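Report on one structure; see the data block that follows.
Numbering of residues begins at 1 and proceeds along the displayed sequence. Predicted model only: the values in this text are computed from it and were never measured.
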Amino acid sequence: MFAAERRQLILEMVRANGAVSLRELARVVQTSEVTVRRDVRALEAEGLLDRRHGGAVLPGGFTRESGFPQKSHLATAEKTAIADLAAGFVEEGEAIVVGAGTTTQELARRLARVPGLTVVTNSLLVAQALAHANRVEVVMTGGTLRGSNYALVGSGAEQSLQGLRVSRAFLSGSGLTAERGLSTSNMLSASVDRALVQAAAEVVVLADHTKLGTDTMFQTVPTDLITRLVTDEPPPHDDRAATELQALADQGVQIAVAGTGAPGNGNVGGDAGPARQQRRDVPLPGPRRGQVPGGPTLRTAAVLGDQPPGTERARVADLRRR
């Protein structure tokens with residue numbers, strides 16, 4: 001086990017239990033207490049945990065990372081609408097990579113209907129969603145199972161992605177800012193996501209409005225490598241998310257906004273029926289890295305639904321003003 005993997009595992013144990021002895025840490029990571037003590041000292045120097053006699057504890061104010069059961073109940077309507085819209089960017093016969101996350105799991109459920117699709121993933125949840133899709137080939141990475149999000153991580157996952165080339169990568173994360181890009185709170189997950197990005201010609205980020213303006217510990221995709229963001233429209237009072245959307249657009253990220261049928265209401269879904277989609281693409285302000293000057297620009301897409309003409313333009317203008 002590499003030092004980075006060992007230290008990440010130590011962090012996860014401390015976060016899950018609050019306090020762990022050096023002996024227990026050494027047993028789980030299969031190394032000596034001397035090595036674990038050195039790892040704990042290094043993690044303390046970074047402010048990630050506190051040393052105690054014979055063990056390690058959570059530092060003051062450090063919150064534990066939410067696991068899959070908690071995340072799966074957050075912003076469910078928004079994730080459903082985002083997945084519906086993102087699936088429209090996938091073409092028949094395409095080869096893509098899909099990262100781990102509850103939003104990408106929703107996307108995978110919709111990709112089961114795309115014929116001739118090849119999906120490379122490190123997520124057990126994504127693979128499970130596509131397991132019975134007769135016309136979709138699923139390729140899983142190797143690696144070590146991370147139980148909190150059912151994802152394969154570590155050097156085995158990264159090595160299995162070497163030499164791979166696909167058209168698009170669909171990724172989620174814990175936070176997204178125009179300044180730093182996509183980030184996550186887990187070192188091993190961030191490292192695998194970076195390997196997924198290297199394999200793709202384009203990067204599509206799926207992030208609901210609650211993640212906009214949030215910056216977490218480990219960067220996965222810098223802003224200049226994000227081709228497109230698929231998100232939901234922030235509620236009227238969420239100035240931070242609206243400002244972040246505009247800042248991302250100013251840096252050349254193509255923005256596609258999905259409506260949930262009840263803007264700002266994170267509880268809508270379930271028996272309410274399928275989300276009515278709205279979509280807008282913000283034109284690029286100028287050529288990005290790798291973009292051919294004079295190439296096609298994005299146009300604002302029509303509203304999908306039964307809203308009156310001009311409604312989408314008014315909503316876009318209102319969002320930009322906010």
(request) For Thr177, check side-chain hydrogen bond (donor to acceptor under 3.5 Å, both in side chains) against everything at least two apart and list the hits. (result) none
(message) With a 6.0 Å cut-off (strictly less than), is the heavy-atom count around CD of Glu46, excluding the residue itself, greater than 12?
(response) yes
(message) Just verifying a value: how many Å separate Asp232 CG and Thr210 OG1, rounded to the nearest 0.5 Å?
(response) 7.5 Å
(message) Applying side-chain contact (heavy atoms from CB on, under 4.5 Å), can you list everything that pairs with Leu145, at least two apart in sequence or on another chain?
(response) Leu124, Leu152
(message) Keeping Glu233 on the side-chain end and Val257 on the backbone end, is there a donor-acceptor pair under 3.5 Å?
(response) no
(message) If the condition is side-chain contact (heavy atoms from CB on, under 4.5 Å), which residues does Val114 pass it with, not counting sequence neighbours?
(response) Val90, Leu111, Leu117
(message) With side-chain hydrogen bond (donor to acceptor under 3.5 Å, both in side chains) as the rule and sequence neighbours excluded, what pairs involving residues 91-101 come up?
(response) Glu94-Ser167, Glu94-Arg168
(message) How long is the straight-line distance from CD1 of Ile82 back to OG1 of Thr104, given to the nearest 0.5 Å?
(response) 11.5 Å
(request) Mind checking the CZ-CG spacing from Arg37 to Asp39? Nearest 0.5 Å is all I need. (result) 11.0 Å
(message) I want to check something: taking the side chain as every heavy atom from C-beta on, are Leu229 and Leu212 in contact at a cut-off of under 4.5 Å?
(response) yes
(message) Are Asp208 and Lys79 packed together at the side-chain level, in the sense that at least one heavy-atom pair is separated by less than 4.5 angstrom?
(response) yes
(request) Measure the shortest side-chain to side-chain distance between Leu25 and Met13 over non-hydrogen atoms and say whether it is less than 4.5 angstrom. (result) yes
(request) Only counting residues at least two apart or in another chain, list the ones meeting side-chain hydrogen bond (donor to acceptor under 3.5 Å, both in side chains) with Arg27. (result) Glu24
(request) Using the side-chain contact (heavy atoms from CB on, under 4.5 Å) rule, pick out the option among Ile226, Leu196, Leu206 that qualifies with Leu171. (result) Leu196
(message) Show me the pairs that pass salt bridge (Lys or Arg N to Asp or Glu O under 4.0 Å) and involve residues 177-188, at least two apart or across chains.
(response) Arg180-Asp215
(message) The criterion is side-chain hydrogen bond (donor to acceptor under 3.5 Å, both in side chains); which residues satisfy it with Ser191, sequence neighbours excluded?
(response) Glu158
(request) Please identify each residue that fulfils side-chain contact (heavy atoms from CB on, under 4.5 Å) with Thr31, with sequence neighbours left out. (result) Arg6, Val29, Thr35, Val36
(request) Check whether any side-chain heavy atom of Val119 sits under 4.5 Å from a side-chain heavy atom of Val136, and report yes or no. (result) yes
(request) Mind checking the CG-CZ spacing from Leu188 to Phe218? Nearest 0.5 Å is all I need. (result) 8.5 Å
(request) Could you tell me which residues satisfy side-chain hydrogen bond (donor to acceptor under 3.5 Å, both in side chains) with Ser172, sequence neighbours excluded, listed by chain and number? (result) Lys211
(request) Among residues two or more places apart or on two chains, list those pairs meeting side-chain hydrogen bond (donor to acceptor under 3.5 Å, both in side chains) that have a residue in residues 108-127. (result) Asp84-Arg110, Glu106-Arg109, Glu106-Arg110
(message) For the CG atom of Leu125 and the CG atom of Asn149, what is their distance to the nearest 0.5 Å?
(response) 8.0 Å
(message) What I'd like to find out is whether the side chain of Leu176 reaches to under 4.5 Å of the side chain of Thr231, using heavy atoms alone.
(response) no
(message) Side chains of Leu245 and His209, heavy atoms from C-beta outward: is any pair under 4.5 Å?
(response) no
(message) If you define the side chain from C-beta out and look only at heavy atoms, does anything of Arg240 sit under 4.5 Å from Thr214?
(response) yes
(message) Donor-acceptor check, side chain of Ser174 to backbone of Thr184, threshold 3.5 angstrom: yes or no?
(response) no
(request) Enter the distance from Arg228:CZ to Phe170:CZ here, rounded to the nearest 0.5 Å. (result) 8.5 Å
(message) Suppose we screen for side-chain contact (heavy atoms from CB on, under 4.5 Å). Which residues come up paired with Ala178, at least two apart in sequence or across chains?
(response) Glu244, Ala247, Leu248, Gln251
